[in-house]
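Data block below; observations after.
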Amino acid sequence: MDNCPHRQLECLPLLRAKAPAVRVLALASNDDVTLFRTAIGRGAHGVILKTDPATALIEAIRQLHRGQIWLSCETASRLIPDLWFVSPSLPNEAETAKISQLTHASGR
């Protein structure tokens, strides 16, 4: 298998489509916020680092089993501000530039 973590996450949308009840916990080897965002965006219900203590892994599994998500406080504090800047509900810079170039229709 390709060692690129982002490629390894490509199966998540298909897994979620085939088995929507399955809860997915992504196990990450580093604290790359882009990797976290990709995992969540593709359908993971949580992300945990391989270096996290076993107690955190057990708690993450329990949370997912209860139907909740799992992000450590450290992961959430890095991921959430990053997500605010890519919110699909807000126009990005390119869209804003296009909108600013539109002319207002004059009254006819």
Side-chain angles (χ1 to χ4, degrees):
M1 179 180 243
D2 190 339
N3 286 333
C4 175
H6 295 271
R7 281 195 48 91
Q8 293 174 355
L9 295 169
E10 288 178 0
C11 66
L12 284 178
L14 180 60
L15 175 63
R16 294 289 312 274
K18 297 283 184 180
V22 170
R23 308 289 293 170
V24 177
L25 180 65
L27 185 62
S29 59
N30 63 53
D31 62 352
D32 176 8
V33 73
T34 304
L35 177 64
F36 300 159
R37 183 177 56 225
T38 301
I40 300 298
R42 291 187 179 167
H45 296 88
V47 178
I48 191 164
L49 293 173
K50 290 180 180 180
T51 56
D52 285 345
T55 54
L57 176 60
I58 292 167
E59 183 57 28
I61 292 168
R62 286 182 177 146
Q63 291 281 98
L64 268 63
H65 182 70
R66 289 192 292 259
Q68 299 172 342
I69 63 164
W70 172 265
L71 292 173
S72 69
C73 290
E74 295 82 14
T75 301
S77 68
R78 294 188 62 225
L79 180 63
I80 291 172
D82 188 56
L83 290 174
W84 287 338
F85 294 108
V86 294
S87 172
S89 63
L90 299 175
N92 62 30
E93 288 181 29
E95 291 172 331
T96 303
K98 288 179 186 176
I99 291 169
S100 69
Q101 293 176 5
L102 295 175
T103 58
H104 291 284
S106 60
R108 293 181 187 198

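- Residues meeting the side-chain contact (heavy atoms from CB on, under 4.5 Å) test with P20, sequence neighbours left out: none.
- Looking at every heavy atom in both residues, F36 comes nearest to A28 through CE2-CB, 4.1 Å.
- Among residues two or more places apart in sequence or in another chain, the side-chain contact (heavy atoms from CB on, under 4.5 Å) test is passed with L27 by I48, K50.
- Looking only at distances, a side-chain donor or acceptor of H45 sits under 3.5 Å from a matching main-chain atom of V24.
- In the hydrophobic clustering, L14 connects to no other residue, as no ILVMFWY side-chain heavy atoms lie under 4.5 Å from its own.
- Not counting sequence neighbours, E74 has no partner by the salt bridge (charged side-chain N to carboxylate O under 4.0 Å, His left out) test.
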Margin query: Walk me through whether T38 and D32 qualify under side-chain contact (heavy atoms from CB on, under 4.5 Å).
Written below: CA-CA 10 Å; T38 301; D32 176 8; over 6 Å; no

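- With rounding to the nearest 0.5 Å, the separation of CG in D52 from CD1 in I58 is 12.5 Å.
- Legend: side chain to side chain donor-acceptor pair (under 3.5 Å) pairs involving residues 57-68, not counting sequence neighbours, sorted by first then second residue: E59-R66, Q63-R66, Q63-Q68.
- Minimum interatomic distance between L12 and R42 (heavy atoms only, all atoms of both residues): CB-O, 3.2 Å.
- Screening residues 14-23 for salt bridge (Lys or Arg N to Asp or Glu O under 4.0 Å) gives no qualifying pairs among residues at least two apart or on separate chains.
- Following chains of ILVMFWY side-chain contacts shorter than 4.5 Å, one cannot reach L71 starting from L57, and the two form parts of different hydrophobic clusters.
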Checklist line | L35 and V47: CA distance, side-chain angles, deciding distance, side-chain contact (heavy atoms from CB on, under 4.5 Å) verdict | finding: CA-CA 9 Å; L35 177 64; V47 178; over 6 Å; no

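- The CG atom of L9 lies 10.0 Å from the CD1 atom of I40; values are rounded to the nearest 0.5 Å.
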